[in-house]
Amino acid sequence: MIRYLFIAAGVLCALTVAASSQEQPAQEKPAQEQPTIRTSVPLVLVPVTVTDKKGNSIDGLKVEDFVLADDSVRQNVRLDTSDTVLAPVSLVVAVQCSGISAAVLAKINRVGGMIQPLISGDRGRTAVVAFDDEVRTFQDFTSDSTKIRVAFEKIQGRVIHAGRMIDAVDESVRMLATRPENSRRILLILSESRDRGSKSKLAPTIELAQRASVTVYPATYSVYATPWTAKPEDNPSMPGGPDYLGGLIDLVRLGKTNTADAFARATGGRHFSFETFKGLEETITRAGEEIHSQYLLSFVPQDSKNQGFHRLDVAVPSHPDAVVRARPGYWAQ
């Protein structure tokens, strides 16, 4: 069950003063003269994962266990258990479908039916996109598990090497930005760990994800290891025979930025990895368990001269050995 914690930082005022008297109705003030003051400040949502060193969730934490600081300023914490504040999941699954990933794609085609029950949930919505040399939408946001499963089954590769992960994240974030602000916006990436030929740049795309409050969960694989775990029919030959030159180029590419890791760290997500079909199933299960066992913190930002990036720090002093993971910050609007 998801825990929802709310941090009240700053003051929200809703003051209505009305003067009335049953004994002297002639002195009653007109309704239009009654002073009403209301201010509305947007909440910052901060999903927080708390585990032990073995990765097991730590349950039962109370509001007093959390310490959250916004730009080093500690916030006052308040717990709200109202069911009316449940935040549904808005999820985009981005799948790399380049030819070099054919052996993995044969596994991914079979797990679409797991997404809605394990990750997005009954109240959530899921969209499915795929990327190689371009980003294509296979399914817009839906809660229909059958449509999600069919979208996964339809994903096929067209080119051998292209895998524009950064472009796919950019497009996925823009899709998630259209979802309700009170929803938890999540991007699950099933791909290699490094980008192949995106036009978008990493740093601006990370900022875009942070501004849209999107948490990125990459689940990555090696295109060299997974063919050894695949059935022969799931590991077709590439057009033109073995691509020895491409393999040499990729050896050089291994030293470049781990794009998936960068997205996970910058948004408070978690980087998973898998090689086998069973490993993929376990990855989806673990991602769902984490998302649905998080503590959801929120707070109202105080007035600040900082109109840029605000650094967030979350700690659980009552459990000094706990591993706490949350989004590193947010951008002032």
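When each of R265, E192, R194 is tested with N258 by the rule side chain to side chain contact (heavy atoms under 4.5 Å, CB included), just one qualifies, namely R194. With V46 as the partner, the side chain to side chain contact (heavy atoms under 4.5 Å, CB included) test is satisfied by one option alone out of F299, F66, Y295, Y330: F299. With respect to V50, the side chain to side chain contact (heavy atoms under 4.5 Å, CB included) criterion is satisfied by exactly one of V316, V314, V323: V316.
Pairing each heavy atom of S193 with each of H271, the nearest pair is CB-CE1, 4.3 Å. Scanning all heavy atoms of the two residues, the minimum distance from Q139 to A151 falls at CB-CB, 3.7 Å. Closest heavy-atom contact between R184 and P47: CD-CG, 4.5 Å.
Checked by atom type and distance alone, the side chain of T259 pairs as donor or acceptor with a backbone atom of D195 at under 3.5 Å. Here the side chain of R185 pairs a donor or acceptor atom with the backbone of L176 at under 3.5 angstrom. Here the side chain of N306 pairs a donor or acceptor atom with the backbone of F309 at under 3.5 angstrom. Between the side chain of R311 and the backbone N or O of S72, no donor-acceptor pair lies under 3.5 Å. Looking at Q75, its side chain does come within 3.5 Å of a backbone N or O of V73 through a donor-acceptor pair. Between the side chain of D313 and the backbone N or O of L68, no donor-acceptor pair lies under 3.5 Å. Between the side chain of S172 and the main chain of A168, a donor-acceptor pair closer than 3.5 Å is present. Under a 3.5 Å cut-off, the side chain of D167 and the backbone N or O of R164 do not form any donor-acceptor pair. Using modelled atom types, no side-chain atom of S191 and backbone atom of Q96 make a donor-acceptor pair closer than 3.5 Å. Put simply, the side chain of N109 gets close to the backbone of F152: a donor and an acceptor are under 3.5 Å apart.
With a 6.0 Å radius and a threshold of 12 heavy atoms from other residues, nucleotides or ligands, E134 has its CD atom above the threshold. Shown here is D122, whose CG atom has no more than 12 heavy atoms of other residues, nucleotides or ligands within 6.0 Å.
V129 is not listed as a side-chain neighbour of V95, based on a closest heavy-atom distance of 4.5 Å or more. Side-chain contact between R149 and Q116 is absent, with no heavy-atom pair separated by less than 4.5 Å. With contacts defined as side-chain heavy-atom distances shorter than 4.5 Å, the pair Q210/P328 qualifies. Here the side chains of T126 and L91 are in contact, with some heavy-atom distance below 4.5 Å.
At a cut-off of 3.5 Å, with distance as the only test, a side-chain donor of S57 or S293 sits close to an acceptor on the other residue. Judged by distance alone, the side chains of Q294 and T49 do bring a donor and an acceptor atom under 3.5 Å apart. Donor-acceptor pairing under 3.5 Å is recorded for the side chains of D65 and S318.
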Practice item. Dump the intermediate steps for side chain to side chain contact (heavy atoms under 4.5 Å, CB included) on L280 and K107, then the final yes or no. Key: CA-CA 8 Å; L280 173 58; K107 299 176 176 69; 4.1 Å; yes
**Study point:** T215 and L187: CA distance, side-chain angles, deciding distance, side chain to side chain contact (heavy atoms under 4.5 Å, CB included) verdict
**Key:** CA-CA 6 Å; T215 305; L187 170 58; over 6 Å; no
Exercise for review: Report the C-alpha separation of F138 and V150 in whole Å, then their side-chain angles, then the decisive distance to 0.1 Å, and conclude whether the side chain to side chain contact (heavy atoms under 4.5 Å, CB included) test is met.
Suggested key: CA-CA 9 Å; F138 278 75; V150 171; over 6 Å; no
Practice item. Give the intermediate values and the outcome of side chain to side chain contact (heavy atoms under 4.5 Å, CB included) for residues T137 and V128. Key: CA-CA 6 Å; T137 300; V128 181; over 6 Å; no
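Note on E290 versus R270: salt bridge recorded, some NZ/NE/NH1/NH2 to OD/OE distance being below 4.0 Å. Salt bridge annotation for D132-R158: present, with a cationic side-chain nitrogen under 4.0 angstrom from a carboxylate oxygen. Salt-bridge formation is not detected for the pair R286/E282: no Lys NZ or Arg NE/NH1/NH2 atom is positioned less than 4.0 Å from an Asp or Glu carboxylate oxygen.
Relative to the six-membered ring of F277, R110 meets both conditions, a distance below 6.0 Å and an angle of at most 45° to the axis.
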